[in-house]
Amino acid sequence: MDWLEVSKSKDIEIVRAGVNQLDPIELFEQLKQLKIVSEQLAAWIDVEMFDPEYLEREQLGYSIDLEGNSLIHDEEGSWQADWLVIGHMKLTGDPMIIETAEPGQPVAVLMHGMGEWDAGSYLAGSVLKFQVALQRFLQLIAQRNDNQSSWKITCMELERIITEIVSADEYADKDLWESLLNPAFQAARGMEAELTKQVLIMSKRGMSIKEIADMLQLPLKEAYGYLKKAKELQG
């Protein structure tokens, strides 16, 4: 837990200035739980949470350079002293931060490679709210999937849970959450494409929609939706 200790290094003190406004032990525990939840969802979310034990080194390239020089300046668009990097988006490498000086300490994702750091979006109003949102998604997976290798969640269900997350947290950005859940959406689209194909084949074999639904273990309405989509694609 080195990043919580008082450092004699001036550049690290700058990084920790915002963190000292929080209960550091509570923050550490929240980040630890957040990492546990995110690892359970690793296959389905486009984010990697850093180990809170080693957050100090994860600030390299953001608040400090490899020589230990501060990258925090007063210029517009420069890195801010109260930003703490806690993870990143796996696809783009965009850093995920806590704005430690803001009320509630919201979680945001900043856009990487823009030449400045004032472009980004909020993900959650706090670390705890982010964790709760991910747990909501984890519960959906447990309810709908027999196991994590058998995907049964539709795109509509994913869109619904994002709507619930955004409605429950005024900070949560819908587009950012859609990006974060992109691996899950890819799995859902793949599943829906396969089911559409199977439903069409069964229909051509003369099976009724009820027989198809029973065979694929789908609700009747859902099976009909796949059949309708298949016919639309055929023109």
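- The two atoms that bring Leu60 and Asp65 nearest to each other are CD2-O, 3.6 Å, heavy atoms only.
- Distance check, rounded to the nearest 0.5 Å: CD of Gln186 to CH2 of Trp151 gives 11.0 Å.
- Of the possible polar contacts, one joining the Thr100 side chain to the Asp82 backbone as a donor-acceptor pair under 3.5 Å is found.
- In this structure the side chain of Tyr54 reaches within 4.5 angstrom of the side chain of Asp51, judged on heavy atoms.
- In terms of the side chain to side chain donor-acceptor pair (under 3.5 Å) criterion, residue partners of Lys35 (sequence neighbours excluded) are, by chain and number, Glu39.
- Side chain of Glu58 to backbone of Phe50: no donor-acceptor contact under 3.5 angstrom is found.
- Gln217 meets the side chain to side chain contact (heavy atoms under 4.5 Å, CB included) test with no other residue; sequence neighbours excluded.
- Cluster membership check: Leu220 shares its hydrophobic cluster with Tyr226, using side-chain heavy-atom separations under 4.5 Å among Ile, Leu, Val, Met, Phe, Trp and Tyr.
- Val47 is not listed as a side-chain neighbour of Leu41, based on a closest heavy-atom distance of 4.5 Å or more.
- Partners of Lys90 by salt bridge (Lys or Arg N to Asp or Glu O under 4.0 Å), not counting sequence neighbours: none found.
- Between Ser38 and Met49, the shortest heavy-atom contact is OG-CG, 3.3 Å.
- In this structure, Ile45 CD1 and Leu134 CG are separated by 5.5 Å, a value rounded to the nearest 0.5 Å.
- Scanning both residues, Ser126 and Lys129, for their nearest heavy atoms gives OG-N, 3.1 Å.
- Linking ILVMFWY side-chain heavy atoms closer than 4.5 Å, directly or via other members, places Leu218 and Leu200 in two distinct hydrophobic clusters.
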Ignoring hydrogens and angles, write down the donor-acceptor pairs under 3.5 Å from the side chains of residues 190-197, residues two or more places apart or on other chains.
{"unit_1": "Glu192", "atom_1": "OE2", "unit_2": "Cys155", "atom_2": "N", "d": "2.9"}
{"unit_1": "Glu194", "atom_1": "OE2", "unit_2": "Gln198", "atom_2": "NE2", "d": "3.1"}
{"unit_1": "Thr196", "atom_1": "OG1", "unit_2": "Glu192", "atom_2": "O", "d": "2.7"}

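- Screening residues 198-208 for salt bridge (charged side-chain N to carboxylate O under 4.0 Å, His left out) gives no qualifying pairs among residues at least two apart or on separate chains.
- A heavy-atom distance below 4.5 Å is found between the side chains of Ile86 and Leu55.
- Remark: Gln131 engages no residue in a side chain to side chain donor-acceptor pair (under 3.5 Å) (not counting sequence neighbours).
- Counting heavy atoms from C-beta outward, Gln40 and Phe137 have side chains that stay 4.5 Å or more apart.
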Please list every donor-acceptor pair under 3.5 Å in which a side-chain atom of residues 175-185 meets a protein atom from a residue at least two apart or in another chain.
{"unit_1": "Trp177", "atom_1": "NE1", "unit_2": "Leu123", "atom_2": "O", "d": "2.9"}
{"unit_1": "Glu178", "atom_1": "OE2", "unit_2": "Lys174", "atom_2": "NZ", "d": "2.5"}

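- The side chain to side chain contact (heavy atoms under 4.5 Å, CB included) test applied to Met215 returns Met202, Met207, not counting sequence neighbours.
- Scored by the ring-ring contact (aromatic ring centres under 6.0 Å, His included) test, Trp79 finds Tyr62, Trp83, Trp117 as partners (sequence neighbours excluded).
- Counting only distance, with no hydrogens or angles, the side chain of Asp46 and the backbone of Met89 share no donor-acceptor pair below 3.5 Å.
- With hydrophobic clusters built from ILVMFWY side chains whose heavy atoms lie under 4.5 angstrom apart, Val132 does not share a cluster with Leu27.
- If you take CG on Leu84 and OG on Ser63, they are separated by 8.5 Å, rounding to the nearest 0.5 Å.
- Note: the hydrophobic cluster containing Val37 also contains Val107 (ILVMFWY, side chain heavy atoms under 4.5 Å, direct or indirect links).
- To the nearest 0.5 Å, atom CG of residue Leu158 and atom CH2 of residue Trp44 are 10.5 Å apart.
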Starting from the C-alpha separation in whole Å, work towards a yes-or-no answer on side chain to side chain contact (heavy atoms under 4.5 Å, CB included) for Glu48 and His88.
CA-CA 6 Å; Glu48 178 186 3; His88 66 197; 3.0 Å; yes
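- Applying the salt bridge (Lys or Arg N to Asp or Glu O under 4.0 Å) test to Glu222 and every residue at least two apart in sequence or in another chain returns nothing.
- Using a 4.5 Å heavy-atom threshold, the side chains of Ser78 and Leu71 count as separate.
- When side chains are defined from C-beta on, Thr92 does not count as touching Val109, because their heavy atoms never get closer than 4.5 Å.
- Applying the salt bridge (Lys or Arg N to Asp or Glu O under 4.0 Å) test to Lys210 and every residue at least two apart in sequence or in another chain returns Asp214.
- In the hydrophobic cluster analysis, where Ile, Leu, Val, Met, Phe, Trp and Tyr join through side-chain heavy atoms closer than 4.5 angstrom, Tyr122 is grouped apart from Leu34.
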List the atom pairs, donor and acceptor, that lie under 3.5 Å between side-chain atoms in residues 159-171 and the rest of the protein, sequence neighbours left out.
{"unit_1": "Thr163", "atom_1": "OG1", "unit_2": "Glu159", "atom_2": "O", "d": "3.0"}
{"unit_1": "Glu164", "atom_1": "OE1", "unit_2": "Arg136", "atom_2": "NH1", "d": "3.4"}
{"unit_1": "Ser167", "atom_1": "OG", "unit_2": "Thr163", "atom_2": "O", "d": "2.8"}
{"unit_1": "Asp169", "atom_1": "OD1", "unit_2": "Gly125", "atom_2": "N", "d": "3.4"}
{"unit_1": "Asp169", "atom_1": "OD1", "unit_2": "Tyr171", "atom_2": "N", "d": "3.0"}
{"unit_1": "Asp169", "atom_1": "OD2", "unit_2": "Gly125", "atom_2": "N", "d": "2.7"}

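- Glu99 has its side chain out of reach of Gln105: every pair of non-hydrogen atoms, C-beta onward, lies at least 4.5 Å apart.
- Summarising the geometry of Ala188 relative to Ile153, their closest heavy-atom pair is CB-O, 3.3 Å, with the distance given to 0.1 Å.
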